[in-house]
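Okay, so here's the structure we're looking at.
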Amino acid sequence: MDWLTRMNRAMDYIEMNLCGEIELAEVAHKACCSSHEFQRMFSFITNVTLAEYIRRRRLTLAALEFQNSDDSKVIDIAMKYGYESPVSFARAFQLVHGITPSKARQDGIALKAYPRLSFLITIKGAEAMNYRIETKESFQVFGIERVFQTNGGNEAIDTPAQFWQQSHANGEVERLYANSGDLPAFVSQDLYKVHAVCSYRKTEDDTFPYMLCAFNHPFSNTEGYTTVNIPAHTWAIFPSDPFTWDTFDTAIETLYRRFYSEWLPTAGYEQVNGMEFEIYGGKDELNYVELWFAVRKID
């Protein structure tokens, strides 16, 4: 099954269940990937989170019901589209449409409609995308691990970016750097010694593991750290252009977006369990990042 078919099957499932419960694990299953992988892919391609897309679609249909029915009650429509009370429904409705549900029936009132998304292959331009395919034998990394909720959580550290910030502030990144040892021979010697790896093991539904890591080397000091074995894989590797740290967010988001929206739909590969590395390096006083995606050919 090709990438487009899988993604559109997921969208079909969402559309058919807008009036019921949408299981995010089932959405991901339709797309043949993990929940975390699907939600990341979706947000990078569409510039909106999956949860926000579902909310907009439900409130679009709710507005149509108000316009097409004179006797439907707010509480009935609220319950139909997954809201526990008319108050929470009215608040969400106003955020999307700019008016209260009671005004939606007025003649000539302006409402917003968010149509169902479908995934297509489109021509986006002639800008080259640099990448390479490499097969690597198994290797080990070690470092500091956290498990995050796909949609964020209530912990003090909700995102990998915040994890990085805290680990810089408390000196953990510097300590990991000091304990890393030498770089292995199978990577560029221009690399820094602290990187990140994501989705390298199975966790609970709607969560993913993320580790600030270093490559394990005979001279590494791994005491007190989590060690992970990375199996032999084929990797699709995407390097950024050189950048200064103040433009890091733009550089890495561009790589992710182009991988998901331009390369993956047409390359004949699929990700393996969403596993990926963020590999950091520097040369000539500038920085670069490589995204390593574990992939396999689609049969």
Side-chain angles (χ1 to χ4, degrees), residues 36 39-49 124-134 136 141-146 148 152 156-200 208-215 217 220 235-264 271 274-295:
H36 170 243
Q39 292 187 62
R40 274 170 67 82
M41 194 183 331
F42 186 91
S43 63
F44 276 115
I45 294 171
T46 66
N47 291 318
V48 66
T49 66
K124 294 195 172 185
E127 184 180 354
M129 188 173 191
N130 296 320
Y131 74 95
R132 63 187 189 271
I133 301 293
E134 293 185 4
K136 297 184 183 296
V141 294
F142 69 97
I144 313 160
E145 181 186 67
R146 295 288 186 275
F148 294 95
I157 303 174
D158 285 339
T159 67
Q162 291 171 313
F163 181 28
W164 272 103
Q165 291 169 3
Q166 185 198 64
S167 298
H168 273 296
N170 63 21
E172 289 292 347
V173 170
E174 288 70 21
R175 281 188 285 274
L176 180 57
Y177 184 97
N179 288 319
S180 62
D182 294 336
L183 289 167
F186 66 84
V187 299
S188 169
Q189 300 304 297
D190 291 331
L191 296 182
Y192 300 137
K193 295 186 177 182
V194 178
H195 311 284
V197 60
C198 179
S199 299
Y200 44 87
F208 64 95
Y210 186 93
M211 178 187 288
L212 308 187
C213 67
F215 292 103
H217 184 274
S220 300
W235 300 89
I237 300 175
F238 295 80
S240 73
D241 293 328
F243 60 82
T244 55
W245 281 120
D246 61 318
T247 60
F248 166 74
D249 288 346
T250 299
I252 196 168
E253 287 176 10
T254 297
L255 280 184
Y256 273 117
R257 183 167 289 109
R258 296 195 69 193
F259 169 75
Y260 285 123
S261 66
E262 298 179 33
W263 190 84
L264 192 61
Q271 278 190 270
M275 187 189 300
E276 62 193 53
F277 275 89
E278 297 168 4
I279 302 293
Y280 301 99
K283 190 175 183 180
D284 299 329
E285 299 184 353
L286 290 173
N287 311 289
Y288 67 89
V289 61
E290 291 185 347
L291 299 183
W292 294 11
F293 299 93
V295 296

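By convention here, the first residue in the shown sequence is residue 1. Here the structure is a predicted model, which means the values were calculated and not measured.
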Working for side chain to side chain contact (heavy atoms under 4.5 Å, CB included), residues F163 and I144: CA-CA 10 Å; F163 181 28; I144 313 160; 3.9 Å; yes
F186 and F215: CA distance, side-chain angles, deciding distance, ring pair (Phe, Tyr, Trp, His ring centres under 6.0 Å) verdict: CA-CA 10 Å; F186 66 84; F215 292 103; 5.7 Å; yes
Heavy-atom side-chain proximity of P160 to F148 below 4.5 angstrom: yes
Point-to-point distance, once rounded to the nearest 0.5 Å, from OG1 of T159 to CD of Q165: 7.0 Å
For the student: nearest non-hydrogen atoms of V295 and A236, plus distance: CG2-N, 3.9 Å
Side-chain heavy atoms of S199 within contact of E276, under 4.5 Å: no
H36, R146, E278 screened by side chain to side chain donor-acceptor pair (under 3.5 Å) with Y210, the one that passes: E278
Side-chain donor/acceptor of Q162 to backbone N/O of D158, under 3.5 Å: yes
Modelled atom types, side-chain donor and acceptor of Y131 and E290, under 3.5 Å: no
Close side-chain approach of F277 to I237, heavy-atom, < 4.5 Å: no
M275/W235 under side chain to side chain contact (heavy atoms under 4.5 Å, CB included): CA gap, chis, key distance, verdict: CA-CA 10 Å; M275 187 189 300; W235 300 89; 3.6 Å; yes
Cationic tip of R40 above Y260 ring, under 6.0 Å, 45° of axis: no
Derivation of the side chain to side chain contact (heavy atoms under 4.5 Å, CB included) call for F42 and V48: CA-CA 8 Å; F42 186 91; V48 66; 3.9 Å; yes
Worked verdict on I252 versus L291 for side chain to side chain contact (heavy atoms under 4.5 Å, CB included): CA-CA 8 Å; I252 196 168; L291 299 183; 4.2 Å; yes
Distance (rounded to the nearest 0.5 Å) between S188 OG and K283 NZ: 7.5 Å
Side chain proximity check, S261 to F44, heavy atoms < 4.5 angstrom: no
Pairwise distance CG(N287) to CZ(F243) - rounded to 0.5 angstrom: 5.0 Å
Pair K193 + E174: basic N to acidic O under 4.0 Å: no
H195 side, atom NE2; L212 side, atom CG - distance, nearest 0.5 Å: 11.5 Å
Donor-acceptor pair, side chain of H217 and main chain of A214, under 3.5 angstrom: no
Distance (rounded to the nearest 0.5 Å) between N130 CG and S240 OG: 10.0 Å
Ring pair (Phe, Tyr, Trp, His ring centres under 6.0 Å) between W292 and F238, worked out: CA-CA 7 Å; W292 294 11; F238 295 80; over 10 Å; no
Min side-chain heavy-atom separation V187-I279 under 4.5 Å: no
Minimum-distance pair of heavy atoms, taken over all atoms of L191 and L183: O-CD1, 3.4 Å
Distance-only donor-acceptor check, side chains E172 and Y177, under 3.5 Å: no
Y280 and W164: CA distance, side-chain angles, deciding distance, ring pair (Phe, Tyr, Trp, His ring centres under 6.0 Å) verdict: CA-CA 13 Å; Y280 301 99; W164 272 103; 5.7 Å; yes
Heavy atoms from other residues, nucleotides or ligands near CD of Q189 exceed 12 (cutoff 6.0 Å): yes
Residue pair Y288 / D190, side-chain donor-acceptor N/O under 3.5 Å: no
Minimum heavy-atom distance between F142 and M211, given as atom pair plus value: C-SD, 3.9 Å
Beyond-backbone contact of W263 with F293, side-chain heavy atoms, under 4.5 angstrom: no
